[in-house]
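Protein chains get the first letters and strands the later ones, always in sequence-line order, with residue 1 at the start of each.
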2 protein chains.
Amino acid sequence: MSQNTAATHAARTVIELREKIISGQLTGGTRLFEVPLAEELQISRTPLRDAMSRLTEEGLLERLKNGGFVVRTFTMDDVVDAIELRGVLEGTAARLAAERGAAPELLSRMESLVSELDNCFGKAHNTVDFEQYSELNAEFHQVLASLSGSDMVKREVERVCRLPFASPSAFLPDRSDIVAFRRSLQVAQEQHRAIAAAIAAREGSRAEHLAREHARTARRNLDYVLRQEANLRDQVPSLAIVSN
Amino acid sequence: MSQNTAATHAARTVIELREKIISGQLTGGTRLFEVPLAEELQISRTPLRDAMSRLTEEGLLERLKNGGFVVRTFTMDDVVDAIELRGVLEGTAARLAAERGAAPELLSRMESLVSELDNCFGKAHNTVDFEQYSELNAEFHQVLASLSGSDMVKREVERVCRLPFASPSAFLPDRSDIVAFRRSLQVAQEQHRAIAAAIAAREGSRAEHLAREHARTARRNLDYVLRQEANLRDQVPSLAIVSN
DNA sequence: TCCGGAAATCGTGTATACATTCTATCTGAA
DNA sequence: TTCAGATAGAATGTATACACGATTTCCGGA
């Protein structure tokens, strides 16, 4: 029993329900009835409704037209399209950063992140510091979203990334023993470097298309997981939310 | 006193508040206090909170970190960026429609919309059926969003369009006496035709860039309104929500 | 004057009772 | 048999009282 430290019942409930949805415990299409659910969570309907409405903002629930909420259904097509959308939006962030000029502090932060990411690869062939890589990768994408200087763009990039399977770290393969995965990390890192360089050189179109292709890395990993080794799928938490 | 016909108090309140925000009556940054606002609207706090949470989903309000809601502030930069984003997303819809193949019914619907739009231009130079054009234009963009076949993409396109100044009909100039405006409608219509043709010919990149450029038509009109005739600005309802 | 802390005030969080609406089912008549 | 309308149940909509937390204000002491 993990007792959440969140201040309000509603905030705690957001976390609990989000966890249940993301983990696949609550499957797509499940309608959330207020009375029994509130009883189960030991809260009243008021904070529960608040929580559900926040999860709707987040894209995990949908409102039914005559009232009530259902868990949103995600198909494998949605996963592919969400990754595509992230690519498009990050591409736009990169292009605008290049075209309009990026804030120097942010750009140099991105460049130093690239260096730090380099250090995650050991001298030996299959040693990679995954935890560190994953953390730095997340920050790289965060900086990229900010780099356009546009709140509107940043907001929308972050919005798509909130979907668990569209996040930049969703399909970071944590198994260096698989050759294809190790290679994909190196390719991705090379793309990081190129994106930063393109933005610095004010090459908008190049920056945009590099960022798009970079998102495709995630899609390639996804395809690999699905096609090559079917049993891998259950090891990828981001896919638990996806309907079969 | 316009008495809304909406079923619930919350739904009615969504409409009332949305109207006040869009019209600029409630300006960006204004905090909405539950008790006095509920009193003013003659409802209780419960449906009011529901309404505010829906408006947050819509992007017109924001939640404060310690509770409460404020009216979201939009700057002129946000307007420009929202139009850019619409271009990017509609461009993606167009590209995917071309690459993946569009549903024949939708494509032919789009093509007949182009024909109908043609008929809005009279033989004489400055006669245009604005009402009809505006309606058909809205449907064209709606069909475009659907044409990708991707629910994810459609959803996000529609999301951006929900912002009043980012909607495809936001800056449709309704004054045929201004030469620049009349010409912009003809250019836009030619772009409609080209977008449909590119999708039909499976020319993804062309379709994408045409759709992007098409959104720029809105930006050009916006620039015209702001630069050429300052007094025009107050006649554009979409801009009432924008902070000065 | 400045600072810390207590108290009051303001505003949201929560529970709960009651109202309303929607839906599914049943009944009766054509 | 079928359909219309009634009806019962289930689910959400709404009002309201009270709880809690945050913020501001005011007071006393250094």
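The side chain of Arg54(B) lies closest to dG13(D), out of dG13(D), dA15(D), dT12(D). Comparing dA15(D), dT14(C), dG11(C) by their closest approach to the side chain of Phe33(B) singles out dG11(C).
Looking only at atom types and distance, the side chain of Ser169(B) has no donor-acceptor partner in the side chain of Asn137(B) under 3.5 Å away. With no hydrogens or angles considered, no side-chain donor-acceptor pair links His214(A) and Glu90(A) at under 3.5 Å. Side-chain N/O atoms of Arg233(B) and Asn244(B) include a donor and acceptor closer than 3.5 Å.
Rounded to an integer number of Å, the gap from Arg49(A) CZ to dT12(C) C1' is 17 Å. Taking atom CD of Gln42(B) as the reference point, atom P of dT14(D) lies 15 Å away to the nearest angstrom. Atom CG of Asp50(A) and atom C1' of dA15(C) are 14 Å apart (whole Å). Atom CZ in Arg12(A) sits about 11 Å away from atom P in dG21(D), given to the nearest Å. The CG atom of Leu37(B) sits 13 Å away from the P atom of dA15(D) (whole-angstrom rounding). The separation between Leu48(B) atom CG and dT12(C) atom P is 9 Å, rounded to whole Å. Atom CD of Glu34(A) and atom P of dT14(D) are 12 Å apart (whole Å). In this structure, Leu64(B) places its CG atom 12 Å from C1' of dG11(C), rounding to the nearest Å.
Leu32(B) comes within contact range of the sugar-phosphate backbone alone, with a heavy-atom separation under 4.0 Å but no base atom that close. Counting non-hydrogen atoms under 4.0 angstrom, Thr8(B) reaches the backbone sugars and phosphates but no base.
For a distance-only test at 3.5 Å, the side chain of Arg45(B) fails to qualify as a donor-acceptor partner of the base of dG11(C). Between the side chain of Arg31(B) and the base of dG11(C), no donor-acceptor pair under 3.5 Å is found.
For Ser44(A) and dA15(C), the shortest distance from a side-chain N or O to OP1 or OP2 is below 4.0 Å. Remark: Asn66(B) is in phosphate contact with dT23(D), judged by side-chain N or O atoms under 4.0 Å from OP1 or OP2. In this structure, His9(A) does not reach the dC20(D) phosphate: none of its side-chain N or O atoms is under 4.0 Å from OP1 or OP2.
Electrostatic pairing of Arg159(A) and Glu58(A) does not count as a salt bridge here, judged by no charged N lying under 4.0 Å from a carboxylate O. Between Arg212(B) and Glu84(B) there is no salt bridge, since none of the side-chain N atoms of the basic residue sits less than 4.0 Å from a carboxylate O of the acidic one.
Of the two residues near DNA chain C, Pro47(A) and Gly68(B), the one whose nearest nucleotide lies more 5' is Gly68(B). In terms of position on DNA chain C, the residue among Lys65(A) and Thr46(A) whose nearest nucleotide sits closer to the 5' end is Thr46(A).
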